[in-house]
Amino acid sequence: MTDKTVYIISGPTAVGKSLISYYLAKRIGGEVVNCDSIQLYKYMDIGSAKPSEREMGAVKHHLYSLVEPDDNMTVARYREMALETIDDILSRGKTPIVCGGTGLYLNSILYDMSFADSEADEERRAELEELAEKNGNEYMHQYLEALDPEAAARIHPNNLRKIIRAIEAFEYGKGVLDLSECSMNPNYDFRFIVLNMEREWLYERINKRVVRLIKLGLVEEVSSLLDKGYDPSLPSMKGIGYKEIIGYLNGEYDLVDAEELTMKNTRHYAKRQITWLKRYDFARWVEIHKGETVGDIVDRILDYYG
RNA sequence: GGCGACAUAGCCAAGUGGUAAGGCAGAGGUCUGCAAAACCUUCACCCCCGGUUCAAAUCCGGGUGUCGCCU
């Protein structure tokens, strides 16, 4: 371990990232830094499966419950906060343990990404969305092609969201860059662990977790968010578990359907996360087997990097 | 036992003579400012046997199975 060592504990949802990070932190005197887009929000504790009070009390946890659910979060802001937090932890002689499965946020720490030249502008975005509404995806894709052919070539014509972002980015600066043009963040020595387990077992855990979250009061949590006035269209409220419960509360289907939908969407999410994480050829994959204790897994993580 | 209906992918399902829609699930993938988001790719010789026909998931006969009704 060096004085710039930063652990990253990632993996699909429900593999046990939080628990393992917690034990790892206890073992090496680390502090946990959240890298989960939904756990960043306040009042969204049950649905986002944040670490328990006890865990948060025993080990320092950063960037949890930080912003209001209607806050306009972006990767750029996340990056800023995360790097600041990591530097602070290092300056106190502790080891940061970045824990989470939001791939884009992970990238923002891992790579020397620059967001400075492409500010997001609400008004311009609304304009572009309207233009798209009127003329369709194909039109927007051609529009982008005229501005930034390279970006257009990378973005599928149906992916309107990315097309609009690329147009914005182009108008503000150098456009949307490809990650391959970035180098690794040179300020840290990363120890990047991807936790994984047999697909079937993971799906089983996901299903059980959804049942548990509902038992713990997810429905109440969601209705209290709605009572506070948070709009279902907010990105935070589109989180898995939240949007499905909102549908139930609106009478679109019953609770059993909401539960099944949540399970399904969580499974899909886990799969996308695994796909994303495969890109990091420098990551060490730790396969968790049934019957292993958290201690065993932490041992293996520590052994990995000698 | 009789009569009738149906049998298409893991599930739902379209197709009634011209070489198997679609949805869901599953699998794989893309990714620099909404990322728990957005988007893409992929997945069947149509219950079995025989017949008619240039051509059958589609028509005919016989099996088998499921469902319904009757006795």
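Chain A is the first sequence line, chain B the second, and so forth, proteins listed ahead of strands; every chain is numbered from 1.
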Per nearest nucleotide of RNA chain B, the residue lying toward the 5' end, A/Leu177 or A/Gly103, is A/Leu177
The residue, A/His268 or A/Gln39, whose nearest nucleotide of RNA chain B is more 5′ is A/His268
Mind checking [X] for me? I need base, sugar-phosphate or nothing, with any heavy atom below 4.0 Å counting as a touch.
{"X": "A/Asn72", "value": "nothing"}
{"X": "A/Glu244", "value": "nothing"}
{"X": "A/Arg79", "value": "nothing"}
{"X": "A/Tyr242", "value": "nothing"}
{"X": "A/Gly241", "value": "nothing"}
{"X": "A/Ser48", "value": "base"}

What is the distance, to the nearest angstrom, from the [atom1] atom on [X] to the [atom2] atom on [N]?
{"X": "A/Asp178", "N": "B/C31", "atom1": "CG", "atom2": "C1'", "result": "9 Å"}
{"X": "A/Leu202", "N": "B/A27", "atom1": "CG", "atom2": "P", "result": "10 Å"}
{"X": "A/Met73", "N": "B/C34", "atom1": "CE", "atom2": "C1'", "result": "11 Å"}
{"X": "A/Leu277", "N": "B/G29", "atom1": "CG", "atom2": "C1'", "result": "14 Å"}
{"X": "A/Ile240", "N": "B/C34", "atom1": "CD1", "atom2": "P", "result": "18 Å"}
{"X": "A/Met184", "N": "B/U32", "atom1": "CE", "atom2": "C1'", "result": "16 Å"}
{"X": "A/Leu110", "N": "B/U32", "atom1": "CG", "atom2": "P", "result": "14 Å"}
{"X": "A/Ile164", "N": "B/C31", "atom1": "CD1", "atom2": "C1'", "result": "17 Å"}

Could you work out the separation of [N] and [M] based on their [atom1] atoms and round it to a whole Å?
{"N": "B/G61", "M": "B/U52", "atom1": "P", "result": "15 Å"}
{"N": "B/C24", "M": "B/U64", "atom1": "P", "result": "39 Å"}
{"N": "B/A13", "M": "B/C70", "atom1": "P", "result": "25 Å"}
{"N": "B/G4", "M": "B/G63", "atom1": "P", "result": "14 Å"}
{"N": "B/G22", "M": "B/C54", "atom1": "P", "result": "32 Å"}
{"N": "B/U71", "M": "B/C11", "atom1": "C1'", "result": "37 Å"}
{"N": "B/A57", "M": "B/C46", "atom1": "C1'", "result": "4 Å"}
{"N": "B/G18", "M": "B/C60", "atom1": "P", "result": "15 Å"}

Next on the checklist: Any donor-acceptor pair under 3.5 Å linking the side-chain atoms of A/Thr262 with those of A/Asn265?
Outcome noted: no
Across all chains, not counting sequence neighbours, the salt bridge (charged side-chain N to carboxylate O under 4.0 Å, His left out) partners of A/Asp178 are A/Arg154
Within the structure provided, determine whether [X] and [Y] are in side-chain contact (heavy-atom separation under 4.5 Å).
{"X": "A/Lys243", "Y": "A/Pro232", "value": "no"}
{"X": "A/Tyr230", "Y": "A/Ser236", "value": "no"}
{"X": "A/Val211", "Y": "A/Met263", "value": "yes"}
{"X": "A/Lys278", "Y": "A/Val194", "value": "no"}

May I ask you to decide whether A/Lys290 forms a salt bridge with A/Glu198, counting only side-chain N to carboxylate O separations under 4.0 Å?
no
Shared hydrophobic cluster for A/Leu160 and A/Leu144 (ILVMFWY, side-chain gaps under 4.5 Å)
yes
Item to check | ILVMFWY network linking A/Val33 to A/Leu83, side-chain heavy atoms under 4.5 angstrom | outcome: yes
Applying side chain to side chain donor-acceptor pair (under 3.5 Å) to A/Thr95 and not counting sequence neighbours gives none
- prompt: Taking it one step at a time, do A/Leu277 and A/Tyr280 satisfy side chain to side chain contact (heavy atoms under 4.5 Å, CB included)?
  reply: CA-CA 6 Å; A/Leu277 292 165; A/Tyr280 303 119; 3.8 Å; yes
>> Does A/Arg165 form a salt bridge (Lys or Arg N to Asp or Glu O under 4.0 Å) with A/Glu168? I'd like the steps, not just the answer.
In response: CA-CA 5 Å; A/Arg165 169 89 269 269; A/Glu168 274 175 16; 3.2 Å; yes
Per atom distances to the A/Tyr203 side chain, the nearest of B/G26, B/U32, B/C34 is B/G26
Of B/C34, B/A35, B/U30, the nucleotide closest to the side chain of A/Tyr41 is B/A35
Should [X] be listed as having a side-chain N or O under 4.0 Å from OP1 or OP2 of [N]?
{"X": "A/Thr102", "N": "B/A35", "value": "no"}
{"X": "A/Arg199", "N": "B/G26", "value": "no"}
{"X": "A/Tyr111", "N": "B/U32", "value": "no"}

| message | Before you tell me yes or no, could you show the steps for A/Thr5 and A/Thr2 under side chain to side chain donor-acceptor pair (under 3.5 Å), namely the whole-Å CA-CA distance, both residues' side-chain angles and the distance that decides it to 0.1 Å? | response | CA-CA 5 Å; A/Thr5 294; A/Thr2 67; 3.2 Å; yes
Practice item. Specify whether A/Tyr105 and A/Tyr78 have parallel, tilted or perpendicular ring planes, treating 30° as the upper limit for parallel and 60° as the lower limit for perpendicular. Key: parallel
Once you measure the plane-to-plane angle for A/Phe282 and A/Tyr111, does it fall in the parallel (<30°), tilted (30-60°) or perpendicular (>60°) bin? perpendicular
Within residues 282-290 of chain A, the residues having a heavy atom closer than 4.0 Å to RNA chain B are none
Expected list for residues 257-267 of chain A near RNA chain B, using heavy atoms below 4.0 Å, is A/Lys264, A/Arg267
When you compare the protein's N or O atoms with those of nucleotides 38-40 of chain B, which come within less than 3.5 Å of each other, and at what distance?
from: B/A38; atom 1: O2'; to: A/Asn159; atom 2: OD1; distance (Å): 2.3
from: B/A38; atom 1: N3; to: A/Asn159; atom 2: ND2; distance (Å): 3.4
from: B/C39; atom 1: O4'; to: A/Asn159; atom 2: OD1; distance (Å): 3.4
from: B/C39; atom 1: O4'; to: A/Asn159; atom 2: ND2; distance (Å): 3.4
from: B/C40; atom 1: OP1; to: A/Asn158; atom 2: ND2; distance (Å): 2.6

Rounded to the nearest 0.5 Å, the CE atom of A/Met140 sits from the NZ atom of A/Lys134 at a distance of 11.0 Å
Given Watson-Crick and G-U pairs under 3.5 Å, RNA chain B in dot-bracket ([ ] crossing, | other strand) is ((((((((.[[[..)..(...]]].(((((.......)))))....[[[[[..)....]]]]]))))))).
A/Lys271 (side chain) and B/G28 (base): donor-acceptor pair under 3.5 Å:
yes
What verdict does the side chain to side chain contact (heavy atoms under 4.5 Å, CB included) test give for A/Thr74 and A/Arg79, after you've listed the backbone C-alpha separation in whole Å, the side-chain angles of each residue and the deciding distance to 0.1 Å?
CA-CA 9 Å; A/Thr74 64; A/Arg79 176 178 151 94; over 6 Å; no
